[in-house]
Each structure stands twice: as C-alpha cells, then as structure tokens.
Amino acid sequence: MQEAELIRKAQSGDHDALVELLRSIETSVYRSAYYILGNEQDALDAAQEVLIRIYRKLDTYQEKAKFSTWVQRIVSNVCMDKFRAKKETVSIEEHELIIPDRNNVEDEILLTGLSNDIQEAIGKLPRQYRMVVVLRYLEDLSYQEIAEALDLPLNTVKSYLFRARQQLQELLYDYQKGGIG
Amino acid sequence: MTNEEIWEWMQRDLDGDLSPTEQDALFNLIRKDSDLQLKYNRLKTVSQQLEQLPPVVPSFSIVDSILPRLESAAAVPAASSTLNEEVLPTLEVKRKQSSPSVSKKWKKTNVWLASIGSTAVAACLLIGIMFTGSDGKKIEADPYQQGSEAVNPALKEAPILGPPVQSPPPSTNPPTSNSQEEDKKATQNTGTTKKAPAKNTSSKSHQNNSNKKPVSNPAQTKPVVPPKPVVRDPKPPAFPYGVGEESDKDSRDRDSDSEDREKVKSKDKEKDKDNDRKKDRENDDD
C-alpha cells in the first residue's frame, strides 16, 4: 500500500492503516533521534513521543508538504524539547563531550573506525548544525525540505550545512593528525 | 571569483545543487589550484562518511510498545476522565485548605461565645455579690451609727428578701404536706362529725405508712402558731428539680390527698348550705 493511501485511510479512522503507517516511519524517526540526541535511551524516548504525537495529530497533517518532512519536523521539535528539558549546565556548543552508551546499536557503530570518528564529530556540532546534517544525510531531504522541517530560511539552512561540513572536516583532520582534542 | 564563492560552490556541488556549467567552471578552478583541490577532497570525504553512516535500528518495536497505551486512550476516553477526576483531589488540597479555615472560624465563634457567656456569668455573680454585700453592711452599720445594742446577726431572724408576705399568694402548684394541716383545721372548725375522724384516721394511717417524712403532728400545734416550713428529707435530691424520680408511694399519697380535699370541700359546702337554711328558717320564724 502506498504512503499517501495509508495516510488517507489513517486520517479517515482506519486504525490498522494508522498502525502500518507508524511502523513504516518508526526506523527513520528513531535514526534521526539517535543521531541528533547522541544516545540510544534518549532516542527511544524521543521516538515514542514522536509516534504518539503523530498518532494523535495525524488529522492535522495536510498534503501540501511531504509526509517525511512533516514527521521530521515533529522529530526536531521533540529533540529540541529534550535538549531544553535536560538544561545542561555545560553548553553543547562550547564543550561537545558525549559519553557513548555501550549498547548493542552503538557497538555496531564502533565496529568501524571511520563511522566512530564521524559519530564523535557529529556529537561535537552545535544542535542546529547537527539537525541539518542529520536531515540532509540520513533522511536525504533537500535544502527546501530541511527549511520546512526546521522552520528556517533556505539560506540559513545552507549556511548551517556548509559550516557543519567544514567543522566536521576540520575535526576529522585533527583526529587523523593526532586525535580530537 | 573569490575564495568564499569557490568554497560555496564546492559545498553545493557535494549536495548536487550546481548546474553542469557551474560544475565545469568549478572543476577548472580546482585543477589549477592544489590547495583548492585538497580542500575539495577533504569536504568530499566528510560527505562520503556522512552518507555511509550506519542505519541504526531500534532494539525493539517502538510502535508495539506504545500501541496498548494508544489503544486504551482511544478506546476508553472515560478512563482519561476518571484520571482527571483523580487528579482533582488536588482540589482536595483546596478542600483541605478550606476545611481548616472553616474549623478556625468555628473555633473563633466558639471562643467568642465562651467569652460572652463567661462575662455574663461574671456580671450576674457581681450583681449578686453587690446585693448581698450591701445587705450585710446595712445590718452591721445601722446599729453602730444609731448607737443601739449590737446584736449578733446570727441570733436575729433571717432577713426576708423581697416584700413581706402577709397572705400567701395563690399558687397553682399542688399542695403537698400543708394540705394535711388544712384538712385538720377544717375538721376542727366544723366540729366533731362522724365522717371526719374516719378521714383523719385514714390520713393518719397514711402518714404512718409513710414514716419516712418526720412531719410534725398538726393535732398538737395550735392554730395561732404560724405554719412552719415543711421539713424535708435531709437526703439531697438525686435528680434535678422537676425531673425527680417519683416513687409509687408518693404518687399514691398525692392521689389520696386530693380525694380527701375534694371530700372536705364538698362537706364544707353542705355545711354552708345547712347554715344558710337554718338562718333562713330563723328569719322566717322571726
């Protein structure tokens, strides 16, 4: 069944269609949350919250935007709420220190050294840069879709993405030279 | 073209945002400059690494974990309402807050009532003490100022409070022991009749039956002597006045007394009528 048809059925009250729709977006929601938040537990909580919101507010979705963009907008909002709820005493922008959780998913990532490096580097990015990078590379959204998802101007999205890549390149270069300091 | 513009074109090329002509122009510039070539290669590596990020998957189905919650919330909306009602007992907090205030108000009113009552009682006591104290002063002061002999107030007759009683006021209360004396006076006044002694004996026998009350014998007292107050049992009343427990004997005494009184009254009336008839006859004779 196509996504558009599923959405229509779910909006008309078909419970099975709604559940099927949620299953189809479950992995992408979790993946975005995982790379934005940086650990499995927060990602699971955020993904649950996102799916519950979609379940309750699906009737408010309009077909003007892509469904994936609408979903990722909810993901980014929930992740921002998580960031605010944490009220970190140390700003992520200033001190990007992530203590990796030794879970199964993360162990899989640690198998490859390069992915570990880029994972650490992503964790050191500012929140907005991180979101833009995740949406661009993991959800394969265009500039315009990222702008819609994050409710940002198009030029701002480009600027964030270019700077994020520049920072990642510098971080990875430093790491290759003698470790990320 | 400035370095900034070249850097932007590099970035856009990584995202596939350059047109073919723009892409050719960029590649021409990079080929000429080794630094630009190095920069471009580093950015491309980063982009490739980002594209190759492992697709993480949740360890369990998140949809399955939230479905029971979602279905219960959707199917039983009343459950949510009950939950809200359960939260309302935080309104219980309000109730709790309000209930102490109510109790405080009651306490305040109780305190006020108690203070008013105590002041009223104190005022009554003061007035009573002032009255009694002034009487005592008069008794002590008057003889001293007038130079008369000092008499021990204890030997004097008890001072009568209120107006002097010349004739006993009519009372609605049923007579108790005084009625016996009245009956005897009536019998003495009317003279000796055949029925009267029988009544007296009956009453006396009744008195003898109730020996508990040490009532003085009215036959020995003279009619001139003023009636003495009835001496009651020294035993303190076990019940409040008016609610006292009546024994069967007392009730029987009262019944017999009332019967005697009625009989005496009827006899008196008959005697009066006889006297009137005699007087009428005497007048007729005259």
Side-chain angles (χ1 to χ4, degrees), chain A residues 15 18-35 40 43-45 47-52 55-56 103-106 108-109 111-112 114-115 117-119 121-122 133-134 136-138 140 142-143 158-159 161-173 176, chain B residues 1-19 22 26 30 34-77 79-81 83:
Chain A
H15 185 260
L18 180 55
V19 171
E20 196 180 335
L21 186 69
L22 291 176
R23 284 189 200 284
S24 70
I25 59 170
E26 177 186 35
T27 305
S28 69
V29 166
Y30 172 77
R31 188 171 56 216
S32 298
Y34 176 82
Y35 280 107
E40 189 179 7
L44 283 170
D45 292 344
Q48 281 188 348
E49 180 66 29
V50 168
L51 292 172
I52 289 167
Y55 182 91
R56 287 176 179 165
N103 295 321
N104 294 331
V105 179
E106 289 158 276
E108 285 174 15
I109 296 166
L111 288 173
T112 54
L114 280 173
S115 63
D117 292 345
I118 194 75
Q119 176 79 16
I122 290 169
V133 166
V134 166
R136 173 70 190 90
Y137 282 96
L138 290 157
D140 203 17
S142 64
Y143 297 148
K158 283 183 186 176
S159 172
L161 182 62
F162 298 167
R163 288 179 194 170
R165 263 195 302 241
Q166 183 64 31
Q167 280 195 20
L168 285 172
Q169 178 249 309
E170 288 169 4
L171 286 167
L172 287 172
Y173 179 71
Q176 284 170 0
Chain B
M1 189 180 275
T2 60
N3 282 338
E4 280 284 321
E5 288 172 348
I6 294 167
W7 179 77
E8 192 180 327
W9 277 37
M10 284 180 192
Q11 296 276 6
R12 284 177 62 191
D13 182 52
L14 294 172
D15 294 325
D17 197 43
L18 285 179
S19 63
E22 287 173 337
L26 177 67
I30 291 170
S34 59
D35 286 344
L36 287 175
Q37 202 171 351
L38 184 67
K39 260 190 174 178
Y40 180 77
N41 286 336
R42 282 180 181 172
L43 281 173
K44 199 167 186 179
T45 308
V46 168
S47 184
Q48 285 172 349
Q49 286 183 0
L50 288 169
E51 285 170 0
Q52 290 170 1
L53 277 170
V56 290
V57 178
S59 53
F60 58 90
S61 173
I62 301 166
V63 175
D64 288 342
S65 69
I66 61 168
L67 260 182
R69 252 164 71 191
L70 295 173
E71 284 172 356
S72 64
V76 192
S80 62
S81 65
L83 283 172

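Chain letters run A, B, ... following the sequence lines, proteins first and then strands; every chain starts at 1. Keep in mind it's a predicted model, so treat the numbers as computed, not measured.
- No other option in A:V29, A:D140, A:L51 has as many heavy-atom pairs under 4.5 Å with chain B as A:L51.
- Interface residue A:V133: only side-chain heavy atoms are found under 4.5 Å from chain B.
- Checking side-chain atoms of B:S47 against main-chain N and O of B:L43 turns up no donor-acceptor pair under 3.5 Å.
- Side-chain contact, A:Q169 with A:Q166: a donor N or O sits under 3.5 Å from an acceptor N or O.
- Contacts of B:I66 with chain A are made by side-chain atoms alone, with heavy-atom separations under 4.5 Å and no backbone atom involved.
- Around atom CZ of A:R56, no more than 12 heavy atoms belonging to other residues, nucleotides or ligands sit under 6.0 Å away.
- At a 4.5 Å heavy-atom cutoff, the contact between B:S65 and chain A is made by side-chain atoms alone.
- Side chain to side chain, A:Y143 and B:D15 meet the donor-acceptor criterion of an N or O pair below 3.5 Å.
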